[in-house]
There are 2 protein chains.
Amino acid sequence: MSVLNNAADVLRCFGNDCPDLTVSDVVKLLGMPKANASRLLKAMREANMLETIGDSHRHRPGRLMLDLAAAYRRSSLLIGRASEVVAEASSTFGHTGYISVRDGKEVTAVADFQGTNALRVVSNIGRRLPAHLSATGRSLLARLGEETVHALYAGHSALHDLSEQLSKVRHQGFAYSSQEATPGVDAIAISVADPRTDEAVSLCIVYPHALVDTKGRDEMIAALAKGAARIAEDLGDSAFVAPRI
Amino acid sequence: MSVLNNAADVLRCFGNDCPDLTVSDVVKLLGMPKANASRLLKAMREANMLETIGDSHRHRPGRLMLDLAAAYRRSSLLIGRASEVVAEASSTFGHTGYISVRDGKEVTAVADFQGTNALRVVSNIGRRLPAHLSATGRSLLARLGEETVHALYAGHSALHDLSEQLSKVRHQGFAYSSQEATPGVDAIAISVADPRTDEAVSLCIVYPHALVDTKGRDEMIAALAKGAARIAEDLGDSAFVAPRI
DNA sequence: ACTTGAGTTCCATTTTATGGAACGACTCGG
DNA sequence: CCGAGTCGTTCCATAAAATGGAACTCAAGT
């Protein structure tokens, strides 16, 4: 089913900095004969996997794709439970929260809860980030064994640093970052898993560095920790480490 | 490219009340030989369009699909502008807001903004609703010509009622529903379009009926109307009707 | 009018999908 | 422990696709 793989490759092109695609974009990005690219996009259009923007030749994901992320969320008890916790914490503290999943060396947010404070971190749902460069990602990587992480990041220059960070996360029970991915933005993240389905998600709160002191941070960690601990207990996540602040 | 169509049909199965699919579900729903269903799901799995839940035979949309809704949002200036307006209104009034698009006779939310009030309407992003049964849908249908609506709803028993409702919407410049789709929930919706791309979106606020009187409702209409009017002006939406309260 | 670039269509060849049937894995009830 | 039922996968010859080079259209830009 090489068409399917080609179609998937096209969809993968809609990355962080590519809101739309033309036939020649696809030719360039995937190195495909343009006859194929043309027919492929046409077929994807007819299947509602893509749609053209206005009457231009630019394509974006089609209506069919709009509901799938929601279906993903609905398929997972774990995501639902985690969303309740983060929604509550986001509402209480006024900061933006996420639920994220890991996919190899990347993490993606699957749900977001906008903060209510005047100064808040803007949601970036649907953007893939390198797992090792964010608190969310590290909280998820920390769930993997030391060896698994080594295998995943074999040959990666950041492996040594990462290992140290992860053992700290494993010990603390939460991941923390201060102004790492974005200047002025701090994040806390706690992961929890559903052993029945092998899923792991990260509960994350992001907030402006200038607005929160250590005490405020610890209150948020405690709030997430409490919710995560209950989820871990209910679903039987024996690997869960209760955060120690 | 019939595989693509079959794959699209499978994805379409992830509707409102179907969080996951097995091979036999696909056989039943699509009337496909089970050999094909088995191979199709396998291929879709390998293309990351689907993934299995844990080690069961149940499938849900794959990681590849998670970012596409976000890519759709990013591809549209109109959605971005509309999101700003609704986020602001949602934050000001504390009620939940949406941005929705129409797809034939259905509407889907593409972005949502959770309310902050203790009693608020829970977001239902990614659920397809019949356009004629919601304020959001009617605000979008009202943009179509009378004839287009007739063609779209030809033979539909609700056509007569709908026509009346739509002419009211056209005249008022906004759509309103009280306890229509959900008991106790009211909604206001205003649509605006980008003539450059032929897109139309609906800006919508939903709120508990018991919490808002006519004055409060009119304030929200005014807030949405102001934002929508600015978008209409900036993008050149000449069909926009400024709401009269 | 000529060039350039993007997109589509054509056609013979190769590759892939199709679906009936056989097969393997698992569950339930006796 | 057996057999019926359900579910999913694999096999195979046939039928139906995708493939890619080249020709073609269309719309700028010079």
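Every value quoted in this text rests on a predicted model; they were computed, and no experiment measured them. Letters go in sequence order (proteins before strands), and every chain restarts at 1.
- Counting only heavy atoms from C-beta outward, the side chains of B:M49 and A:L4 approach each other to under 4.5 Å.
- Put simply, A:N6 has no side-chain N or O that comes within less than 4.0 Å of OP1 or OP2 on D:dA18.
- Between B:L40 atom CG and C:dT18 atom P the separation is 8 Å, expressed in whole Å.
- Straight-line distance from the CD atom of A:E46 to the P atom of D:dA17: 13 Å, rounded to whole Å.
- For B:R45, the CZ atom sits in a packed shell: over 12 heavy atoms of surrounding residues, nucleotides or ligands are nearer than 6.0 Å.
- Between the side chains of B:T22 and B:D25, at least one donor-acceptor pair of N or O atoms lies under 3.5 Å.
- Between B:M32 atom CE and C:dG20 atom C1' the separation is 16 Å, expressed in whole Å.
- The side-chain hydrogen bond (donor to acceptor under 3.5 Å, both in side chains) test with B:D67 singles out one residue from A:R127, A:R128, A:R12, and that residue is A:R128.
- Between the P atom of D:dT19 and the CG atom of A:L4 lies a distance of 11 Å, rounded to the nearest Å.
- For the side-chain hydrogen bond (donor to acceptor under 3.5 Å, both in side chains) with A:S75, the qualifying choice from B:R58, B:E51, B:H59, B:R60 is B:R60, the only one to do so.
- A straight line from CG of B:D55 to P of C:dA25 spans 17 Å, rounded to a whole angstrom.
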* Starting at the 5' end of nucleotides 6-12 of chain C, put B wherever the base has a protein heavy atom under 4.0 Å, S where only the sugar-phosphate does, and a dash everywhere else. => BBBBBB-
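- Atom CZ of B:R170 is surrounded by more than 12 heavy atoms from other residues, nucleotides or ligands within 6.0 Å.
- Going from atom CG of B:L21 over to atom P of D:dC7 covers 14 Å, rounded to whole Å.
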